[in-house]
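The basis for the numbers below is simple: all heavy atoms, side chains too, and nothing from hydrogens, waters or symmetry mates. Index from 1, following the sequence.
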Amino acid sequence: MAYKIGIVGLTNTGKSYSRRTIKKGEDVFILSPSHKALHIRDSEGNPLKPLNIFTDSSKNMEEICTKLSCTKNALAGKLLKAANPVNIEGNYLVMKDVRMLEDWIKFVSLKMPHIKTLILPDFTHYISEIIAQKEFIQRKSGGEAFQRFWELAADALNNFITGMDEMREDLLVVTEYHCEYNEATNMFEIFVPGGKMLKDKFLPDSYYDVMLYTHVMEDDGNMKQSDRYKFVTYNAGKYNARCLNLFEDLYIPNDLQLVLDKVREYIGI
């Protein structure tokens with residue numbers, strides 16, 4: 001069972017910035033719904049390369065997709081069923097379809113054993129991509145409108161969060177969520193696009209033992225800019241954070257490598 005770590009925060013508060021401290025980028029795979037800065041380099045200081053899957057007869061993913069009559073999003077599912085081995089290189093892929101997430105997570109788990117950390121940035125964008133699709137918008141109102149939100153929540157949960165329970169035990173999966181401030185509860189909450197119906201069905205908080213929130217300290221004039229970015233480790237005030245008591249301090253450095261090391265030590269991998 002892969003271990004799940006959640007990172008929650010407002011835009012530009014350090015979710016992706018925290019990756020800058022990762023020491024061995026070659027052990028990390030990023031599966032993202034959009035093109036954004038990775039903030040990770042390999043152990044020699046080189047930027048990560050995009051995923052390429054190839055064989056003796058097909059030099060890249062595009063050629064394999066043509067032979068298998070599938071889109072790049074659906075390639076992982078096809079290859080999981082194929083008996084023939086493939087060559088794999090690279091450490092990130094832009095993949096926008098939440099319905100294919102389970103296959104890609106399985107692909108990383110089964111076909112890329114050297115990967116020890118899987119990062120899923122901007123998970124909220126996966127939901128937004130589906131809501132923006134023409135066939136989703138054109139569904140009827142009333143009962144079917146409620147059903148479409150339920151289907152979306154079920155896809156997200158079954159294909160992503162619960163799907164990680166089937167992955168190998170030495171894999172850590174870090175998921176980044178956008179958040180919003182709820183004035184009624186005086187708390188920051190994971191932002192779920194689509195309104196109350198979906199928010200009532202999609203409750204990712206309950207699946208995580210480690211859920212850190214980002215926080216930017218006030219600039220007192222004496223603090224380095226980089227030191228202002230912190231993780232909140234436990235429930236205090238407006239942050240519903242938790243960390244299995246891995247950290248004693250409420251605020252810790254915005255350092256994902258530190259978090260990964262602590263979690264691995266705790267679960268014994």
Side-chain angles (χ1 to χ4, degrees), residues 1-32 34-51 89-93 104-105 108-109 112-123 164 167-179 204 207-217 223-234 236 239 241-269:
M1 177 177 68
Y3 200 85
K4 301 180 283 290
I5 300 170
I7 305 293
V8 186
L10 296 170
T11 301
N12 297 324
T13 57
K15 295 188 298 298
S16 58
Y17 179 67
S18 69
R19 306 179 214 145
R20 75 200 183 282
T21 59
I22 288 179
K23 298 175 182 177
K24 296 181 65 178
E26 60 267 31
D27 294 347
V28 176
F29 193 83
I30 299 177
L31 184 57
S32 176
S34 61
H35 287 280
K36 294 184 69 175
L38 302 180
H39 298 289
I40 298 180
R41 291 179 176 266
D42 66 20
S43 55
E44 296 183 354
N46 301 312
L48 301 187
K49 296 180 179 179
L51 178 69
E89 60 184 14
N91 291 82
Y92 73 90
L93 173 70
W104 278 106
I105 293 172
V108 172
S109 178
M112 304 178 73
H114 65 286
I115 296 298
K116 304 304 180 184
T117 303
L118 172 62
I119 299 177
L120 303 171
D122 299 331
F123 186 76
M164 286 188 288
M167 304 303 106
R168 55 184 159 86
E169 294 184 354
D170 65 338
L171 184 64
L172 299 184
V173 183
V174 179
T175 312
E176 299 172 3
Y177 295 95
H178 291 298
C179 71
Y207 290 88
Y208 291 85
D209 293 319
V210 177
M211 179 75 83
L212 305 179
Y213 278 71
T214 56
H215 177 80
V216 183
M217 308 293 286
M223 186 180 296
K224 289 172 55 179
Q225 185 69 14
S226 59
D227 291 341
R228 295 177 59 208
Y229 292 86
K230 305 293 184 181
F231 281 138
V232 182
T233 63
Y234 57 83
Y239 298 112
R242 66 197 75 100
C243 74
L244 291 171
N245 295 320
L246 297 177
F247 302 98
E248 294 183 0
D249 295 332
L250 173 61
Y251 297 112
I252 62 170
N254 181 264
D255 183 339
L256 186 55
Q257 184 68 61
L258 172 65
V259 175
L260 295 173
D261 290 345
K262 281 287 188 178
V263 170
R264 288 194 170 97
E265 178 183 355
Y266 177 81
I267 63 178
I269 60 171

Note to self: More than 12 heavy atoms of other residues, nucleotides or ligands under 6.0 Å from NE2 of His35: yes or no?
What the structure shows: no

Checklist line | Any side-chain heavy-atom pair of Pro121 and Ser32 under 4.5 Å | finding: yes

Item checked: From CG (Leu172) to CG (Leu256), nearest 0.5 Å -> 9.5 Å

Next item on the list: Any chance you could measure Ile7, atom CD1, to Met211, atom CE, to the nearest 0.5 Å?
Entry: 9.0 Å

Notebook entry, point to check: Is Asp255 reaching over with its side chain to a backbone N or O of Leu258, donor-acceptor style, under 3.5 angstrom?
Noted result: yes

Next item on the list: Side-chain contact test, heavy atoms from C-beta onward, threshold under 4.5 Å: evaluate it for Lys49 versus Glu89 and give yes or no.
Entry: no

Notebook entry, point to check: Residues in salt bridge (Lys or Arg N to Asp or Glu O under 4.0 Å) with Arg41, at least two apart?
Noted result: none

Notebook entry, point to check: Parallel under 30°, tilted from 30 to 60°, perpendicular over 60°: which one fits the rings of Tyr229 and Tyr17?
Noted result: tilted

Item checked: Heavy-atom check, side chain of Leu93 versus side chain of Phe29, under 4.5 Å -> yes

Next item on the list: Please lay out, stage by stage, how Asn91 and Ile30 fare under the test side chain to side chain contact (heavy atoms under 4.5 Å, CB included).
Entry: CA-CA 6 Å; Asn91 291 82; Ile30 299 177; over 6 Å; no

Next item on the list: Decide yes or no for Ile5 and Val173: does some side-chain heavy atom of the first lie under 4.5 Å from some side-chain heavy atom of the second?
Entry: no

Next item on the list: Starting at CG of Leu48, measure out to CG of Asp42 and round the result to the nearest 0.5 Å.
Entry: 6.5 Å

Check: Which salt bridge (Lys or Arg N to Asp or Glu O under 4.0 Å) pairs, counting each pair once, include a residue from residues 13-26, with sequence neighbours left out?
Finding: Arg19-Glu176, Lys24-Asp27

Margin query: Counting only heavy atoms not in Asn245 (residues, nucleotides, ligands), do more than 12 fall under 6.0 Å from its CG?
Written below: no

Note to self: Checking Asn254 against Ser18 for the side chain to side chain donor-acceptor pair (under 3.5 Å) test, could you report, in this order, the C-alpha distance in whole Å, the side-chain angles of both residues, the deciding distance, and whether it holds?
What the structure shows: CA-CA 5 Å; Asn254 181 264; Ser18 69; 4.6 Å; no

Checklist line | Over 12 non-hydrogen atoms of neighbours within 6.0 angstrom of CD in Gln225 | finding: yes

Check: Would you say the side chain of Val232 lies within less than 4.5 Å of the side chain of Leu212, judging by non-hydrogen atoms?
Finding: no

All N/O donor-acceptor pairs, side-chain side in residues 262-269, below 3.5 Å, sequence neighbours left out:
unit_1: Arg264; atom_1: NH2; unit_2: Lys116; atom_2: O; d: 2.9
unit_1: Arg264; atom_1: NH2; unit_2: Thr117; atom_2: OG1; d: 2.8

Note to self: A quick test of your reading: do over 12 heavy atoms of other residues, nucleotides or ligands sit less than 6.0 Å from CG of Asn12?
What the structure shows: no

Notebook entry, point to check: In Å and rounded to the nearest 0.5 Å, what is the CD1 to CG distance from Ile115 to Leu31?
Noted result: 11.5 Å

Next item on the list: Report the C-alpha distance between Val259 and Ile252 in whole Å, list the side-chain angles of each, state the deciding distance to 0.1 Å, and finish with yes or no for side chain to side chain contact (heavy atoms under 4.5 Å, CB included).
Entry: CA-CA 9 Å; Val259 175; Ile252 62 170; 4.3 Å; yes

Note to self: Restricting to non-hydrogen atoms, name the atom on Gly25 and the atom on Ile40 that form the minimum distance, rounded to 0.1 Å.
What the structure shows: CA-CG2, 3.6 Å

Note to self: Pairing donors with acceptors under 3.5 angstrom, does anything connect the side chains of Tyr239 and His215?
What the structure shows: yes

Next item on the list: Decide side chain to side chain contact (heavy atoms under 4.5 Å, CB included) for Phe231 and Thr214; before the verdict, give the C-alpha distance in whole Å, the side-chain angles of both, and the deciding distance to 0.1 Å.
Entry: CA-CA 5 Å; Phe231 281 138; Thr214 56; 3.8 Å; yes

Note to self: Can you pull out every salt bridge (Lys or Arg N to Asp or Glu O under 4.0 Å) where at least one residue sits in residues 1-12? Sequence neighbours excluded, please.
What the structure shows: Lys4-Asp165

Margin query: For the backbone of Leu250 and the side chain of Thr233, can you confirm whether one donor and one acceptor N or O come within less than 3.5 Å of each other?
Written below: yes

Notebook entry, point to check: Quick one: salt bridge (Lys or Arg N to Asp or Glu O under 4.0 Å) partners of Lys36, sequence neighbours excluded?
Noted result: Asp122

Checklist line | Set of salt bridge (Lys or Arg N to Asp or Glu O under 4.0 Å) partners for Arg228, sequence neighbours left out | finding: none

Next item on the list: Please report the C-alpha distance between Ile105 and Met164 in whole Å, then the side-chain angles of each, then the deciding distance to 0.1 Å, and finally whether the side chain to side chain contact (heavy atoms under 4.5 Å, CB included) criterion is met.
Entry: CA-CA 7 Å; Ile105 293 172; Met164 286 188 288; 4.2 Å; yes

Check: Cut-off 3.5 Å, side chains only: do Tyr213 and Tyr177 have a donor facing an acceptor?
Finding: no

